[in-house]
Chemist: 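Supplied in structure tokens, the structure appears directly below.
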Amino acid sequence: MPRYNPSEIEPRWQRYWEENKTFRTPDTVGDKKLYALDMFPYPSGEGLHVGHPEGYTATDIVARYSRMKGISVLHPMGFDAFGLPAEEYAIKTNTPPEVSTEKNIQTFTRQLKQLGFSYDWDRKISTTDVGYVKWTQWIFLVLFDTWFDSEQQKGRPISELPIPDDVSAAGQDAIREYQDDHRLAYQSDALVNWCPALGTVLANEEVKDGLSDRGDHPVERRPLRQWMLRITAYADRLEKDLDPLDWSDGIKKLQCDWIGRSTGAEVDFFIGDQSESESWMSRRAESGFPRKQNSQCLRVYTTRPDTLFGATYMVIAPEHSAVETLTTENQKSAVDQYCRSAAAKSDRDRQDEKQSKTGVFTGSYAINPVSGEPIPIWIADYVLISYGTGAIMAVPGHDKRDYDFAKKYDIPIIPVVHPPAGSDVSAADVDSGAVCFADHGVAVNSGPYDGQPTADVKKAITAKLQQDGLGCAAVNYKLRDWLFSRQRFWGEPFPILHEIDENGNKTGKIRAVPVESLPVELPELSDYRPRSESSPDGQPKPPLERADDDWLFPVIDGVKYRRESNTMPQWAGSCWYYLRFIDPHNDEVFIDPDLEKQWMPVDLYIGGAEHAVLHLLYARFWHKVLFDRGHVSSNEPFQKLVNQGMILGENEFKGYRGSDEQWISAAEVTENEAHKPVLKSDGATELRAVTVEPDQVEKQGEFFVLSVDPSIRIDSRAYKMSKSRGNVINPDDIIANDGADALRLYEMFMGPLEQSKPWSMSGVSGVRGFLDRAWRMIVDDRAEELQLHESVGVHEVTEEQNRTLHKTIKAVTQDIEKLSFNTAIARMMEFVNFFTRQDKRPKSVMEQFVLLLSPLAPHLSEELWALLGHPQTLAYEPWPEFDEAAMVESSIEIPVQIMGKNRAKINVPPGLSKDDLLKAALANERIQELLEGKTIRKEIVVPDRLVNIVAN
RNA sequence: GCGGCCGUGGCGGAAUUGGCAGACGCCUUGGACUUAAAAUCCAAUGUUCCUUGGAGCGUGCGGGUUCGAGUCCCGCCGGCCGCACCA
């Protein structure tokens with residue numbers, strides 16, 4: 001029986017596409033091109049999640065649509081396969097991670113093929129492929145070979161780095177060291193979370209209450225020698241170049257906030273006796289503001305130089321280099337104790353304690369350069385060593401944090417800004433120190449600047465400081481350089497060699513692995529565990545240190561080296577995969593420059609919002625370096641970016657029961673810190689959350705309540721899918737029941753692409769019903785053989801049928817262009833509803849419809865296309881065109897309102913002039929009745945839309 | 001705390017951007033077909049009031065602009081997601 005049977009149709013067409021290489025990328029790009037890219041997945045052991053196909057279907061629809069529009073399409077897929085889960089699994093089972101990774105990639109590939117995506121599978125890549133790792137390492141060497149010329153705002157070859165005379169005078173080693181200090185990839189002693197027991201560096205997220213997440217071992221903050229990438233050099237360009245991109249404002253803002261550019265001034269405060277400050281200042285007025293601060297002063301960064309007159313104390317971070325010199329004898333023990341306890345805290349712990357600020361007085365004073373008054377210098381961990389200069393001038397009157405601190409330690413507050421006229425804050429409250437006013441306003445107690453608005457004072461004081469050699473305008477970023485090394489096994493080895501002496505000790509000289517020796521492959525190990533004890537020099541010992549000597553100690557030109565044993569983080573591979581897709585098999589270069597020019601940039605990039613910041617920032621950074629060095633022609637990689645929303649589990653009703661099984665209304669329930677439901681009244685009595693069936697619940701006013709007891713309120717919401725909640729939907733099950741076309745269509749029909757939305761099983765059967773109806777509109781499902789429905793044939797197309805067709809073509813075309821797939825599907829449903837009622841369904845119209853449906857439901861469409869008499873795939877059939885003339889209605893219904901309320905409807909021909917439309921409205925009997933005895937004050941006539949008459 | 005997004009029927013969501021609120025789908029109810037069921041098809045389906053026909057009220061709440069507001073402005077309330085001492 002020729003019922004619609006996706007499990008028979010779909011594998012058949014998938015085989016057809018694969019055997020005929022239907023979606024092979026064209027060798028040469030035509031007039032128009034589309035590079036449609038998905039954020040490639042990490043191939044986890046769990047297999048595909050229903051969230052994956054959402055974005056993938058969206059790009060696939062656009063790719064298929066574009067091919068039919070005659071556009072050259074590149075639509076690839078691959079795998080971001082380095083990562084921790086594979087390594088954990090390897091440790092547990094002692095099998096090489098590449099084995100489980102390969103298995104997972106095969107599962108993912110099978111699942112993706114079952115969804116009928118039109119990827120060019122010949123371009124499949126995995127970041128773990130040796131041929132891919134080679135070029136990841138090569139790009140690292142480009143970073144290693146590049147320095148950033150801040151004048152030209154451009155990365156340049158290290159060989160072009162100007163060497164200062166004093167450095168070149170000091171010899172070759174000094175020059176080499178100077179170069180190493182300026183490379184975009186450099187080694188640095190960064191403060192990191194170091195866990196001695198685990199022998200590894202941990203991410204902030206892996207540390208809780210100063211203990212390691214796994215094993216509860218103590219973690220300390222220590223400077224360790226790590227590889228860093230100088231992304232901060234590109235901060236300005238990463239921010240500015242966002243502007244012309246077709247990204248949502250939300251994502252642009254997230255990136256901007258992450259970069260965190262702020263402008264202000266650096267200011268030097270003289271340290272020492274008040275009497276000497278005058279002469280120091282006059283010397284400064286002559287010498288100007290020095291590039292580096294010296295020990296006579298403390299340099300701060302501030303965004304509010306206008307509040308300088310209100311600076312009543314200073315704060316330096318506990319790690320500041322001046323701590324020792326500033327601490328006086330009788331403060332020494334208190335300072336030592338404070339700094340030691342601060343060092344033991346992770347960043348997270350410091351943040352947790354932000355409610356109550358802590359600090360300690362150094363015993364020293366600085367001189368406020370504008371007032372000449374001595375002000376105390378404190379140490380407090382609310383000042384971060386990693387931002388600005390690690391020191392601040394504190395203005396408690398106009399900074400919330402300084403205000404809290406000053407209140408706690410009883411430090412004077414001087415108000416220097418009054419709220420502007422119309423502010424909620426009163427000047428009197430600011431003067432009395434009752435409130436902290438952090439906004440812009442008007443200067444007071446600021447000498448010559450009194451009465452001027454904040455913005456002007458900022459400029460004027462900065463200029464004055466500059467003139468006096470006490471300060472200069474400055475820019476700062478929250479963005480930090482990128483800590484790029486990991487003590488893990490399953491990642492790309494660094495292509496770097498450390499020179500060693502006869503005793504095997506590092507000399508400090510490093511060199512790149514010669515390009516012709518790339519890739520540096522991972523060595524074979526018998527044990528993937530991180531080392532549990534640290535090496536004698538206190539540095540972590542990554543697993544790669546246990547490699548054979550052959551791997552670990554190469555000799556080049558008679559010089560002995562030790563390989564770098566850290567690996568790159570998972571981000572590395574995803575930083576440039578979009579380039580490799582363009583030329584995936586090239587062994588000579590990472591990408592052919594001609595092909596790069598033809599295909600870049602990516603025209604549509606779709607993926608989850610979880611990568612909105614880091615991945616996109618990192619990839620853009622690498623791309624800009626490659627651009628500066630002439631390896632790519634485009635400045636930005638991703639022209640249009642769309643973040644799909646999250647697919648949540650099915651909606652759940654949740655009720656609460658007390659210890660005696662009594663129902664408790666949700667209105668009386670709150671959550672405690674452990675996210676357990678408790679009674680709101682005491683915040684302690686634990687309750688049990690139970691799922692309530694939908695038929696036991698009804699809506700009353702704003703809330704859902706129990707049908708049997710309306711005084712009991714029930715919570716209603718959808719939760720994130722998770723294994724522990726048991727609400728995970730497996731795409732394989734949906735495909736088995738209703739087919740890939742139904743899954744694709746349902747995920748597109750759920751709602752706007754970028755919105756989070758709950759799953760609904762009956763919604764799936766809804767779209768399956770539509771596919772069934774579309775099938776029956778064309779196929780005779782009661783016949784023995786597969787044949788056309790008796791109503792389908794070579795019929796004259798009626799005017800109404802033609803109008804429906806062209807309206808549908810127009811709507812679907814525009815909706816696909818807007819990525820508004822839910823409404824495109826709704827229009828096709830209307831089409832099917834209409835033509836199912838037609839006894840004569842012209843074959844030509846059915847064909848056009850099948851083409852419209854094909855990007856969304858490709859298997860069903862191919863099957864119907866074949867049945868309509870076309871032996872070849874429809875993938876390259878021309879996309880249907882619409883004709884405005886065919887859409888014109890003979891008569892349209894116009895509402896007539898009186899005082900904005902609908903009172904009648906009139907039928908008029910479209911395009912009627914204002915006057916005629918008004919005449920027709922006034923001619924209406926009912927309108928005449930209602931207007932009787934009233935005076936018409938005003939008539940609003942919108943042609944083809946409505947008439948509104950104002951009368952009383 | 002700061003920032004972003006969002007509140008429309010029982011549910012997911014539409015609404016040519018200021019012009020008929022609730023397209024399309026789900027759920028529910030009724031009917032046709034059937035010995036029966038499934039499947040399919042047809043119809044009803046925001047809410048209240050009255051007698052058909054209609055009238056009133058309705059887009060989280062309160063105000064405003066307008067002939068006209070889901071859409072614009074001001075002030076609240078609620079939800080979700082980021083960031084979190086960045087001077």
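Naming convention: chains lettered A, B, ... in sequence-line order (proteins, then strands); numbering from 1 in each chain.
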Chemist: Does B/G13 adopt a syn or an anti glycosidic conformation, taking syn as a chi angle within 90° of 0?
Modeler: anti
Chemist: Please tell me which of A/Leu479 and A/Leu930 maps to the more 5' nucleotide of RNA chain B, matching each residue to the nucleotide holding its nearest heavy atom.
Modeler: A/Leu930
Chemist: Between B/C50 and B/G56, how far is it from one P atom to the other, in whole Å?
Modeler: 16 Å
Chemist: Over 60° means perpendicular and under 30° means parallel, so classify the ring planes of A/Phe831 and A/Phe849, tilted if in between.
Modeler: parallel
Chemist: Closest approach of A/Thr358 and A/Ala380, non-hydrogen atoms and distance?
Modeler: O-CB, 3.3 Å
Chemist: Checking all strands, does A/Gly766 fall into the base, sugar-phosphate, or nothing category for heavy-atom contacts under 4.0 angstrom?
Modeler: sugar-phosphate
Chemist: Could you check how far NE2 of A/His611 sits from P of B/C81, rounded to whole Å?
Modeler: 18 Å
Chemist: On a plain distance test, is the side chain of A/Lys400 in donor-acceptor contact with the base of B/C85 below 3.5 Å?
Modeler: no
Chemist: When we call it a touch if two heavy atoms are under 4.0 Å apart, what does A/Arg926 touch: a base, just sugar-phosphate, or nothing?
Modeler: sugar-phosphate
Chemist: Over all strands shown, is A/Ser756 touching base, sugar-phosphate only, or nothing at heavy-atom distances under 4.0 angstrom?
Modeler: sugar-phosphate
Chemist: Salt bridge or not between A/Asp715 and A/Lys654? Use side-chain N to carboxylate O under 4.0 Å.
Modeler: no
Chemist: Please state whether the phosphate of B/A14, meaning OP1 or OP2, lies under 4.0 angstrom from any side-chain nitrogen or oxygen of A/Asn822.
Modeler: yes
Chemist: Report which part of the nucleic acid A/Glu698 touches: base, sugar-phosphate, or nothing (heavy-atom distance under 4.0 Å, all strands).
Modeler: nothing
Chemist: Which label fits A/Tyr4 and A/Trp775: parallel for a plane angle under 30°, tilted from 30 to 60°, or perpendicular past 60°?
Modeler: tilted
Chemist: Using a heavy-atom cut-off of under 4.0 Å over every strand shown, decide if A/Ser760 touches base, sugar-phosphate, or nothing.
Modeler: nothing
Chemist: Tell me the interatomic distance from A/Ile940, atom CD1, to B/G18, atom P, rounded to whole angstroms.
Modeler: 17 Å
Chemist: Taking the same atom, P, in B/G54 and in B/A36, what whole-Å distance lies between them?
Modeler: 39 Å
Chemist: Charged N to carboxylate O under 4.0 angstrom, A/Arg803 versus A/Glu889?
Modeler: yes
Chemist: Could you tell me which residues satisfy side chain to side chain contact (heavy atoms under 4.5 Å, CB included) with A/Asn924, sequence neighbours excluded, listed by chain and number?
Modeler: A/Ala904, A/Ile906, A/Arg926, A/Ile927
Chemist: Verify the contact: side-chain N or O of A/Ser262 to OP1 or OP2 of B/A87, cut-off strictly under 4.0 Å; return yes or no.
Modeler: yes
Chemist: In B/S/- notation, 5' to 3', how is nucleotides 29-43 of chain B contacted by protein heavy atoms closer than 4.0 Å?
Modeler: -----------SS--
Chemist: Think A/Lys757 has a side-chain N or O under 4.0 angstrom from the OP1 or OP2 of B/G12?
Modeler: no
Chemist: Tell me, which pairs form a salt bridge (charged side-chain N to carboxylate O under 4.0 Å, His left out) where one or both residues lie in residues 820-830 of chain A, sequence neighbours left out?
Modeler: A/Arg827-A/Glu830
Chemist: When you compare B/G25 with B/G46, how far apart are their P atoms, in angstrom units rounded to a whole number?
Modeler: 15 Å
Chemist: Taking NZ from A/Lys478 and C1' from B/A84, how many angstroms apart are they, rounded to a whole number?
Modeler: 8 Å
Chemist: Scan A/Arg717 against the nucleic acid and name what it touches under 4.0 Å (heavy atoms): base, sugar-phosphate only, or nothing.
Modeler: sugar-phosphate
Chemist: Select base, sugar-phosphate, or nothing to describe what A/Pro752 touches, counting heavy atoms under 4.0 Å on all strands.
Modeler: sugar-phosphate
Chemist: Any salt bridge linking A/Asp772 with A/Arg768? Criterion: basic side-chain nitrogen under 4.0 Å from a carboxylate oxygen.
Modeler: yes
Chemist: Between A/Arg841 and A/Phe835, is NZ or CZ placed under 6.0 angstrom from the six-membered ring centre and within 45° of the ring axis?
Modeler: no
Chemist: Name all stems that contain residues of RNA chain B, defined as runs of 3 or more consecutive Watson-Crick or G-U wobble pairs, both distances under 3.5 Å.
Modeler: B:1-7 with B:77-83, B:10-12 with B:24-26, B:28-32 with B:40-44, B:46-49 with B:54-57, B:60-64 with B:72-76
Chemist: Under the side-chain hydrogen bond (donor to acceptor under 3.5 Å, both in side chains) test, which residues partner A/Lys400, sequence neighbours left out?
Modeler: A/Asp404
Chemist: Counting the atoms with a prime plus P, OP1 and OP2 as sugar-phosphate, which does A/Leu946 contact under 4.0 Å by heavy atoms, base, sugar-phosphate, or nothing?
Modeler: base
Chemist: Enter syn or anti for the glycosidic conformation of B/U59, syn applying to angles within 90° of 0.
Modeler: anti
Chemist: Is any side-chain nitrogen or oxygen of A/Arg903 closer than 4.0 Å to OP1 or OP2 of B/A55?
Modeler: yes
Chemist: When the C1' atoms of B/A14 and B/C67 are compared, how many Å lie between them, rounded to an integer?
Modeler: 26 Å
Chemist: In terms of heavy-atom contacts, does CG of A/Asp249 have more than 12 from other residues, nucleotides or ligands at under 6.0 Å?
Modeler: no
Chemist: Please state the P separation for the pair B/C20 and B/C26 - nearest whole angstrom.
Modeler: 26 Å
Chemist: On RNA chain B, nearest-nucleotide positions of A/Asp249 versus A/Gly751: which is more 5'?
Modeler: A/Asp249
Chemist: So with a 6.0 Å cut-off around NZ of A/Lys252, is the heavy-atom count from everything else above 12?
Modeler: yes
Chemist: Take atom CD of A/Glu830 and atom P of B/A23, then tell me their distance rounded to the nearest Å.
Modeler: 10 Å
Chemist: Please tell me if A/Lys699 has a side-chain N or O lying less than 4.0 Å from either OP1 or OP2 of B/C11.
Modeler: yes
Chemist: For A/Arg480 and A/Lys478, indicate whether the former's side chain and the latter's backbone hold a donor-acceptor pair under 3.5 Å.
Modeler: yes
Chemist: Starting at atom CD of A/Gln814, determine the distance to atom P of B/A23, rounded to an integer number of angstrom.
Modeler: 21 Å
Chemist: Side-chain N or O of A/Lys901 less than 4.0 angstrom from OP1 or OP2 on B/C57?
Modeler: yes
Chemist: Can you tell me, in whole Å, how much space there is between the C1' of B/A39 and that of B/U45?
Modeler: 23 Å
Chemist: Look at A/Tyr382 and B/A87 and indicate whether a side-chain polar atom (N or O) is within less than 4.0 Å of OP1 or OP2.
Modeler: no
Chemist: Can you tell me the distance, in whole Å, between the CD1 atom of A/Ile259 and the C1' atom of B/C83?
Modeler: 14 Å
Chemist: Between A/Gln897 and B/G19, is there a side-chain N or O to OP1/OP2 distance below 4.0 Å?
Modeler: no
Chemist: With the sugar-phosphate defined as primed atoms, P, OP1 and OP2, and the base as all remaining atoms, what B/S/- string results for nucleotides 69-74 of chain B, 5' to 3', for protein heavy atoms under 4.0 Å?
Modeler: ------
Chemist: From CG of A/Leu771 over to C1' of B/C24, roughly how many Å is that when rounded to an integer?
Modeler: 14 Å
Chemist: Decide if the gap between the ring center of A/Tyr387 and the ring center of A/Tyr477 is smaller than 6.0 angstrom.
Modeler: no
Chemist: Nearest whole Å is fine: how far is B/A23 C1' from A/Lys807 NZ?
Modeler: 13 Å
Chemist: Between A/Ser756 and A/Gly645, is there a donor-acceptor pair closer than 3.5 Å when you use the side chain of the first and the backbone of the second?
Modeler: no
